[in-house]
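Here is the structure we will look at.
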Amino acid sequence: MTGIAQRITAALGTLAIVAGVAVLSASPSVRALPEGMAVVKLSFSHGGPRNCRELSAEELSDLPANMRRKEVCDRARAPIYLELDLNGTTMLAEELPPSGIADDGPSRIYRRFMVSAGTHQVAIRLRERAAGSGFDFVAERQITLTEAQSLAIDFRPETGGFIFN
Amino acid sequence: MSTGFRGYLRRGFDRLERAGDVVFGPDANPLAQLGALGWFLFWIVAATGIYLFIFFDTGVVNAYASVEWLSDAHWFHAGVARSLHRYASDLMVAVMLIHLVREFCLDRYRGVRWFSWLTGVPLIWFVYISGITGYWLVWDMLAQYVAVTSTELLDWLPIFGEPIARNFLSPEALSGRFFTLMVFLHIAIPLILLLAMWIHIQRVSRARVNPARPLAAMVLGSLILVAFVLPAQSQGPADLAREPTELGIDWFLLPLYPLINILPPGVIWGGAAIFTVGFAALPWLPAQRANRAAEVFLDHCNGCARCVEDCPYAAVELVPRTDGAPFPHQVAVNAGRCVACGICMGSCPSSSPFRRVGDLLTGIDLPDYPLKELRERVISGALRLEGSIRILTLACEHGAARPGLGTVFLPCVAMAPPSLIDFILSRGHADGVCVAGCAEERCQNRLGIEWTEARFARTRDPYLRRRVPRERLVTVWAGPTETARLERERVAFADRLAALPTEAPRVVRQSDPERVLDEAAM
Ligand code: HEM
């Protein structure tokens, strides 16, 4: 090939490669969420209670004055227990352990459920101490989700429990 | 010549590269300068990134709007910079992946070359993470998808306290601070990448970090043209109250994302870990049977440093003299870096096959293939040449030559000192010498072709002596799949030699005064 012809072929070759790269940088597309579906995300962190007891007067007097606290607690927290029903079916029934190496952090959850768009019955229950019965927080809602809607369920005990966003 | 699986890989890549030669010409063939192209693309990405930053707003709400604004109102400069930034990053991924496949196919990743390979592995991570954090900043639907998928994946690792995916739970949860972190990462990681790229080339001397000008011009020109015709676009603003549905994916930087959506995080992390460790361990799976490193003979070394200059792997160093000889320096070989290509032996002014005094020694020699043996192979190879035109071929082990009469193999043709050509022709060992190296721009030992050409052109020490008739010396640069072309070139060379005026029979035995002359000329 002569010099000029070679350069033209090379330039066209480079252009073809770069154009190919540009095309592949945004296509073909993928479907991130199947048609007709929506998402419910359940996520919060909440610390289970600690085991505490009151110190006796004798124990208190053994302590230096600045350390005399009436109640002492274990460092570790108790696991919490969580259930979620969707249209009467249990989707989640789990004990959530505390976090941290010393088990002193809050229990945490982040879970994502794919559901069909439309109306669903959601029931969610939380027990602060996994071992036990009954629930400390309960919420039941009917939710209506449009296609691709993302509903977040959070938990804030100070505002009364579960929040649907 | 490699046989078996290695040979198969080498020839496979060679075919591809020769096709590249046809399209681009040997000097602009991107396949022969992928590392350099990677550097060039990095600079384009860095420059356009800095420019984009002028227009970018780092708020949760403002990020998307600012990217739209720069792509619309300022499409002809900032928009073009955005497209260049994206497409050059994509091209960099492609270039990097082909580069590593090439180094693997050419078997340039084992033995003492392990360093370049091992330091290449983190580059893969840094390139991908740089790209991923970049997509995040646009805060469009794709960014949302990338953010949520990435954080869900990261949360599987037991290192984060609060699940980071919680940041993207709902529009209310999103905080600007997390965004600032991403901007920081998108600047910090490319800087670490740059540092890692610099470390990556520390064990090769004169690493090629600039592609040939015509290639650089064509790549930049094509990127600009494509930026105008197919500008990079956002995919609608992110909305955490909705899930992204149909998304255009960047198949260079984000190819794993659709997979991350399908497979459990443990499988993805396990796969990534196995890939990284397995990849990093490749140079030892199995390790290369290494030839012994070059050896220095101080009696013949005056510390001229030509070998230091010519070594492609920075394996030869100049150090203070230790033997009391009246020179300030001597050279020392770092065996951990020496690939035993012999280029140093070819560069040593003491490497003269004319020497007859005692054992043939030189200043720097290969224990497994010393100059003495090279001379013997040349002489015995020449003896077997028949016919009126006798061509001796000095062939690279990695090139097109196949074993045959009058073919002497070398680990690199630059191992042959120019005085060897003089020796062959002036002593009448052959009528012509064919130096058959690797394909152009593709020397197995990086610099052998360049040095050979410069020595023959008498522009680099040691020069080919003026008395060597240049028309009796031919160089053929051909890859392992080009045996037929080498053969054709040899035949054409023979025809040219036949047409040369016959000379008086060349000196077969040297008289003593001639020998003195020869040695004085060294
Ligand atoms: C950002 C991406 C990368 C860039 C910019 C880059 C750049 C370079 C450059 C400039 C060279 C020197 C080439 C020469 O002058 O002969 C080189 C050599 C090399 N690279 Fe890379 N590289 C990258 C990624 C990788 C990766 C991912 C691997 C493999 C895991 C790798 C493996 C190697 C090897 C083995 C060599 C040495 C070749 C020899 O010893 O002759 N590189 N690279």
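Bear in mind that the values here come from a model prediction, so they are computed numbers and not experimental data. In the text below, chain A, chain B and the rest are named by the order of the sequence lines, each starting its count at 1.
Applying the salt bridge (charged side-chain N to carboxylate O under 4.0 Å, His left out) test to pairs two or more places apart or on separate chains, those with a residue in residues 143-154 of chain A are A/R31-A/E147, A/D154-A/R156, A/D154-B/R166.
The structure places CD1 of A/I153 at 12.0 Å from OG of B/S170, a figure rounded to the nearest 0.5 Å. Note that CE of B/M218 and CD1 of A/I17 are 9.5 Å apart. Values are rounded to the nearest 0.5 Å. In this structure, the separation between CG on B/L247 and OG on A/S27 is 12.5 Å, given to the nearest 0.5 Å.
The most heavy-atom pairs under 4.5 Å with chain B, out of A/V30, A/L145, A/N165, come from A/V30. Between chain B and the residues A/I109, A/V23, A/L15, the largest count of heavy-atom pairs under 4.5 Å involves A/L15. Per-residue counts of heavy-atom pairs under 4.5 Å with chain A were compared for B/P258, B/G248, B/P158, B/A217; the largest is that of B/G248.
Counted within 6.0 Å of CD1 on A/I4, heavy atoms from surrounding residues, nucleotides or ligands total 12 or fewer; the atom is thus considered open. In A/E35, the CD atom is not crowded: 12 or fewer heavy atoms of neighbouring residues, nucleotides or ligands sit closer than 6.0 Å. Under a cut-off of 6.0 angstrom, the local environment of CZ in A/R68 is crowded, with over 12 non-hydrogen atoms contributed by other residues, nucleotides or ligands.
In plain terms, the two heavy atoms of B/D27 and A/R7 that are nearest each other are OD2-NH2, 2.9 Å. For the residue pair A/P28 and B/W251, the shortest heavy atom distance occurs at O-NE1, 2.8 Å.
Screening A/M114, A/K41, A/M37, A/Q149 against B/E243 for a side-chain contact (heavy atoms from CB on, under 4.5 Å) leaves a single residue, A/K41.
The ring pair (Phe, Tyr, Trp, His ring centres under 6.0 Å) search around A/F155 returns A/F44, A/H46, A/F137, A/F162, not counting sequence neighbours.
Residues of residues 84-94 of chain B lying within less than 4.5 angstrom of chain A, judged on heavy atoms, are B/R86, B/Y87, B/D90, B/L91 in numerical order. For residues 223-236 of chain B, heavy-atom neighbours of chain A at less than 4.5 Å comprise B/L223, B/L225, B/V226, B/L230, sorted by residue number.
Contact annotation for B/L240: only backbone heavy atoms (N, CA, C, O) come within less than 4.5 Å of a heavy atom of chain A. Of the two parts of B/Y135, only the side chain, counted from C-beta on, holds a non-hydrogen atom closer than 4.5 Å to a non-hydrogen atom of chain A.
Judged by distance alone, the side chain of B/E246 and the main-chain N or O of A/L33 form no donor-acceptor pair under 3.5 Å.
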